[in-house]
J.: 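Sending over a structure as structure tokens; questions will come in a sec.
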Amino acid sequence: MSSAPDGSPPRTLHPDRRREHPRTVAGPRSRPGGRTARIRDQVLAAVHAELTENGYDALTVDTVAARAGVHRTTVYRRWRDVGGLIADVFAAAADLDWYPRDTGSLRADLAELNREIRDSFTEESSIAMALIAVSFRSEDAARALRQLWEDRYSQCEIVVARAIERGEIPAETDARALLVAATAPVYHQVVLLRTEADPEQAAATAVLAARAGAFVSDDGAEP
């Protein structure tokens, strides 16, 4: 998704920093750091599994510890309670090294982003769906989820910035408005209607609207 949630300007993505990226919302992955990092990965993977299989109501420190293969006191000492575990799940997702792919065109960039969104919600045992469900049960989780999506939108602003640099859309285009318009149909179809989503169509429609100036902000409009 596009623009940065904190309102910061789009960042230029250096080609050397592009890499294969995980899903828009993804689980923890292995990282250097020794035993502490390994335990964190095990515990967060256990939280993911418990949420997707049994739901928030069944989530306890004891079930997570058992599933992770670590002593319950280890979990209590580091995460204290279920709230701490959920908070760290969101923190781990926010820490993922992810960039929107540069395909060379706005339409293809948005379509690729929509495919990632669709896949993250339709994959088996979707953690994205599980975290949305948790956000309706916990205000802390709701705040964390809002911030996570804000961060993802912020990271995606580069998609709009590249399109402006290529001359595909007006320079005054509001990145957030365009990104929301391009991705909203996928969320609506997959999460609300539970039907097939068409990433290409949603992207194409948003690009047509952007080229026509539909997302030019009031501040950037001609007087």
Side-chain angles (χ1 to χ4, degrees), residues 1 4-6 17-101 112-156 183 186-187 190-191 194:
M1 295 162 283
D6 57 5
R17 296 179 62 196
R18 291 202 302 268
R19 64 197 68 189
E20 290 301 313
H21 48 271
R23 296 256 169 89
T24 303
V25 175
R29 60 181 179 178
S30 296
R31 66 196 70 180
R35 181 174 180 274
T36 298
R38 287 196 302 273
I39 290 176
R40 186 191 186 210
D41 285 345
Q42 290 172 226
V43 169
L44 295 189
V47 175
H48 285 199
E50 286 295 320
L51 284 175
T52 56
E53 293 176 19
N54 304 312
Y56 179 70
D57 289 336
L59 186 69
T60 68
V61 169
D62 286 353
T63 58
V64 168
R67 187 157 201 154
V70 301
H71 199 281
R72 62 196 297 269
T73 57
T74 300
V75 180
Y76 278 113
R77 183 169 59 249
R78 175 161 181 174
W79 289 275
R80 300 199 309 181
D81 55 22
V82 166
L85 289 168
I86 294 295
D88 204 20
V89 167
F90 284 107
D95 286 345
L96 287 174
D97 190 12
W98 178 87
Y99 299 115
R101 186 169 297 172
E112 175 64 22
L113 182 61
N114 280 342
R115 278 189 287 271
E116 285 194 64
I117 293 168
R118 177 200 61 191
D119 292 348
S120 71
F121 283 108
T122 58
E123 66 183 353
E124 185 176 358
S125 301
S126 168
I127 187 61
M129 291 292 281
L131 291 177
I132 287 177
V134 171
S135 72
F136 285 98
R137 306 297 304 279
S138 162
E139 183 54 38
D140 288 341
R143 282 193 295 270
L145 184 62
R146 283 194 296 271
Q147 187 59 55
L148 176 61
W149 287 119
E150 285 287 335
D151 290 343
R152 289 292 180 263
Y153 272 112
S154 179
Q155 289 171 305
C156 289
T183 58
V186 176
Y187 288 115
V190 173
V191 178
R194 303 297 179 93

J.: Can you measure from CG (N114) to CG (D119) and round to the nearest 0.5 angstrom?
T.: 10.5 Å
J.: I need the minimum non-hydrogen distance between V61 and R80, along with the two atoms involved.
T.: CG2-O, 4.4 Å
J.: Rounded to the nearest 0.5 Å, how far does CG of D140 lie from CD1 of I86?
T.: 10.5 Å
J.: Between W79 and R40, is any pair of side-chain heavy atoms under 4.5 Å apart?
T.: yes
J.: Taking atom CZ as the centre, does F136 end up with more than 12 heavy-atom neighbours from other residues, nucleotides or ligands that are less than 6.0 angstrom away?
T.: no
J.: Counting only heavy atoms not in R143, do more than 12 sit closer than 6.0 Å to its CZ atom?
T.: yes
J.: Mind checking side-chain hydrogen bond (donor to acceptor under 3.5 Å, both in side chains) for R118 and listing every partner two or more places apart, or none if nothing turns up?
T.: none
J.: Any side-chain heavy-atom pair from N54 and L59 closer than 4.5 angstrom?
T.: no
J.: Do you know which two heavy atoms are closest between A142 and S135, and how far apart they sit?
T.: CB-O, 3.4 Å
J.: Closest heavy-atom contact between S126 and F121?
T.: OG-CA, 3.6 Å
J.: Heavy atoms only: give me the nearest T63-A58 pair and the separation to one decimal.
T.: OG1-O, 3.8 Å
J.: Ignoring hydrogens, what is the shortest heavy-atom contact between A128 and S120? Give both atom names and the distance.
T.: CB-O, 3.7 Å
J.: How many angstroms lie between CZ in R78 and OG1 in T36, if you round to the nearest 0.5 Å?
T.: 6.5 Å
J.: So, taking the atom named CD in Q42 and the one named CZ in R35, what distance separates them when rounded to the nearest 0.5 Å?
T.: 9.0 Å
J.: Show your working on salt bridge (Lys or Arg N to Asp or Glu O under 4.0 Å) between R67 and E53 and close with a plain yes or no.
T.: CA-CA 12 Å; R67 187 157 201 154; E53 293 176 19; 2.7 Å; yes
J.: Start with the C-alpha gap between R146 and E150, add the side-chain angles, then the distance that decides, and say whether salt bridge (Lys or Arg N to Asp or Glu O under 4.0 Å) holds.
T.: CA-CA 6 Å; R146 283 194 296 271; E150 285 287 335; over 6 Å; no
J.: Apply side chain to side chain contact (heavy atoms under 4.5 Å, CB included) to the pair L131 and Y56, showing each step before the final yes or no.
T.: CA-CA 9 Å; L131 291 177; Y56 179 70; over 6 Å; no
J.: How many angstroms lie between atom CZ of R115 and atom CD1 of I117, to the nearest 0.5 angstrom?
T.: 11.5 Å
J.: Give the C-alpha distance, both sets of side-chain angles, the deciding distance and a yes or no for side-chain hydrogen bond (donor to acceptor under 3.5 Å, both in side chains) between D151 and Q147.
T.: CA-CA 6 Å; D151 290 343; Q147 187 59 55; 2.9 Å; yes
J.: Indicate the ring-plane relationship of Y187 and W149, choosing parallel, tilted or perpendicular according to the 30° and 60° boundaries.
T.: perpendicular
J.: Please tell me if the side chains of D88 and L85 come closer than 4.5 Å, counting only heavy atoms from C-beta onward.
T.: no
J.: Taking atom OG of S138 and atom CG of L145, what is their separation to the nearest 0.5 Å?
T.: 10.5 Å
